Amino acid sequence: IEARRVAIFGGTHGNEMSGVTLVNLWTKNGAEIQRKAVEAVPFITNPKAVEKCTRYVDTDLNRAFTPENLSAPGGNNLPYEVLRAQEINRIFGPKGSPEAYDVIFDLHNTTSNMGCTLILESSKDYFNLQMMNYIKKAMAPASCLVLLNEHPLLKYSTSRSVAKHPVGLEVGPQPQGVLRSNIFEAMRVILKHALDFIELFNEGVEFPPCTVEVFRVLERIDYPRDANGNIIAMVHPNLQDCDWEPLNPGDPMFQTFDGKTIHYQGSGTVYPTFINEAAYYEKQQAFITTRRETLVASAIKKA
Ligand SMILES: CC(=O)N[C@@H](CC(=O)O)C(=O)O
Ligand SMILES: [Zn+2]
């Protein structure tokens, strides 16, 4: 493992202001993200969306890093974000190649009450799991949870997936287009610990085997809809803002506009998250369910 080339992405979604603001700040003055043996490059991934303060211009950049998109001919006829994905892949990739960046942190905000969340895409990336363990301990007693999106159908092609070790940071609640100081500072602290970890690793520190609690993505739950596809219920008040809290079969899940309760019908306890995320209305998703798991990471040490 190596961890010399590190990038920090902000503005993958142009209306998620903590990442946009931190990356702009560090582009002006990078002292805070400098470490002796690490070169961390701050980078605004979707400048057009940032300028318009919108999630995207043509299509969601954080879904655009598919093999088809990255190899598509057509130049200027392609959607803006597909072109941009190709450009980002040239600079920080190519995705899946030895030349790709070692680590990419991608900074996101959610309107959901998720607190500090780190998003991983593989349960076998021991470098990332060791980093999660380090960050969680450094943050304690404040909590920092790990969402594992390794689902065969629900996994998507993120901007950070260009790197060998992709890490998403998702901090909320923060409305779209809004900066909240508590959310901004929480994101800043996570990144500080993450860079400290990489610095220690590069100095030759050995990290012994460890376990990490993660929440594995299971299922996406849509809002109840009528025959025309219009939403007919809201997230139930008992579920609203209760990200990461157990949801049991029979628990209230949605509330129709005429006051009826719709209950969760699953077969066992799940941990919902991304509850009522604004950006997910267009994706037909009211929340996702997860299952709690403990992963094991082997020891790591720089070669
Ligand atoms: C609210 C939001 O944008 N969440 C991110 C999560 C991620 O980065 O994996 C997304 O859907 O792309
Ligand atoms: Zn986002």
Side-chain angles (χ1 to χ4, degrees), residues 7-23 43-50 52-66 69 81 84-85 88 103-122 125 128 132 145-151 153-163 165-180 183-184 186-187 190-191 194 214-218 220-222 235 241 243-244 272-290:
I8 304 168
F9 285 179
T12 288
H13 297 129
N15 54 8
E16 296 175 2
M17 300 311 289
S18 299
V20 171
T21 309
L22 282 169
V23 165
F43 189 81
I44 294 285
T45 41
N46 196 335
K48 268 200 193 178
V50 169
K52 292 186 154 176
C53 196
T54 183
R55 183 172 175 90
Y56 56 80
V57 178
D58 292 329
T59 185
D60 194 334
L61 181 64
N62 218 27
R63 304 289 182 276
F65 290 72
T66 60
N69 278 347
E81 278 84 4
R84 190 66 182 153
I88 291 165
V103 185
I104 294 177
F105 298 102
D106 194 15
L107 310 186
H108 291 260
N109 291 119
T110 173
T111 62
S112 306
N113 189 27
M114 287 170 68
C116 292
T117 304
L118 292 147
I119 308 180
L120 294 190
E121 307 187 356
S122 163
D125 183 336
N128 269 353
M132 299 303 106
L145 302 180
V146 178
L147 177 65
L148 175 64
N149 189 356
E150 204 176 34
H151 192 286
L153 303 172
L154 299 182
K155 188 170 175 167
Y156 37 83
S157 305
T158 58
S159 314
R160 57 189 176 266
S161 69
V162 161
H165 306 285
V167 181
L169 271 69
E170 188 72 76
V171 189
Q174 180 172 270
Q176 298 178 337
V178 171
L179 252 187
R180 289 180 55 114
I183 302 297
F184 174 91
M187 183 175 274
I190 301 171
L191 216 79
V214 303
F215 292 81
R216 182 187 286 273
V217 173
L218 282 186
R220 62 200 302 175
I221 309 285
D222 189 13
V235 169
D241 299 326
D243 300 69
W244 307 118
T273 195
F274 277 119
I275 298 170
N276 211 0
E277 159 59 42
Y280 290 167
Y281 277 78
E282 68 172 32
K283 301 189 196 298
Q284 280 85 47
Q285 185 179 305
F287 62 91
I288 58 171
T289 63
T290 70

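When a ligand or atom number is given, it counts from 1 through the structure's own listing order. Numbers here are sequence positions counted from 1. Source: prediction; values computed, not measured.
Looking at D106, I104, N46 one by one, the single match for side-chain contact (heavy atoms from CB on, under 4.5 Å) with S159 turns out to be D106.
What you find for F9 and V23 is that their closest heavy atoms are C-CG2, 3.9 Å.
Below 4.0 Å from some heavy atom of E277 lie the following atoms of ligand 1, by number and element: 1 (C). When each atom of ligand 1 is checked for a heavy atom of R160 under 4.0 Å away, the hits are 7 (C), 8 (O), 9 (O). The contact set between ligand 1 and H13, taken as ligand atoms under 4.0 Å from a residue heavy atom, comprises 3 (O), 10 (C), 12 (O). Under a 4.0 Å criterion applied to the non-hydrogen atoms of I119, ligand 1 contributes the atoms 6 (C), 7 (C), 9 (O). Here is the list of ligand 1 atoms found below 4.0 Å of a heavy atom in R63: 10 (C), 11 (O), 12 (O).
Under a 3.5 Å cut-off, the side chain of T110 and the backbone N or O of S112 do form a donor-acceptor pair. Within the 3.5 Å criterion, the main-chain N or O of V217 finds no donor-acceptor partner in the side chain of H151. Counting only distance, with no hydrogens or angles, the side chain of N109 and the backbone of V171 share a donor-acceptor pair below 3.5 Å. E81 places a side-chain N or O within donor-acceptor distance of the main-chain N or O of D58, the cut-off being under 3.5 Å.
Between E170 and ligand 1, at least one pair of N/O atoms sits closer than 3.5 Å. Checked by distance only, ligand 1 and R55 come closer than 3.5 Å through their nitrogen or oxygen atoms. Where the criterion is an N or O separation shorter than 3.5 Å, residue side chain and backbone included, D60 fails it with respect to ligand 1. Checking only distances, T110 never comes within under 3.5 Å of ligand 1, N or O to N or O.
Side-chain polar atoms of E16 and H108 form a donor-acceptor pair below 3.5 angstrom. S18 and Q174 form a side-chain donor-acceptor contact under 3.5 Å, judged by distance and modelled atom types alone.
In terms of protein heavy-atom proximity, atom 12 (O) of ligand 1 is closest to N62 ND2, 2.7 Å. Atom 10 (C) of ligand 1 has its closest protein heavy atom at Y280 OH, 3.4 Å.
Per residue H108, closest N, O or S atom to the Zn ion (ligand 2): atom name ND1.
Neither the backbone nor the side chain of K155 has any atom closer than 4.0 Å to an atom of ligand 1 (non-hydrogen atoms only).
Draw a line from the Zn ion (ligand 2) to OE1 of E16 and another to ND1 of H13, and the angle between them is 110° (to 10°).
In this structure the side chain of T158 never reaches within 4.5 angstrom of the side chain of F65, judged on heavy atoms.
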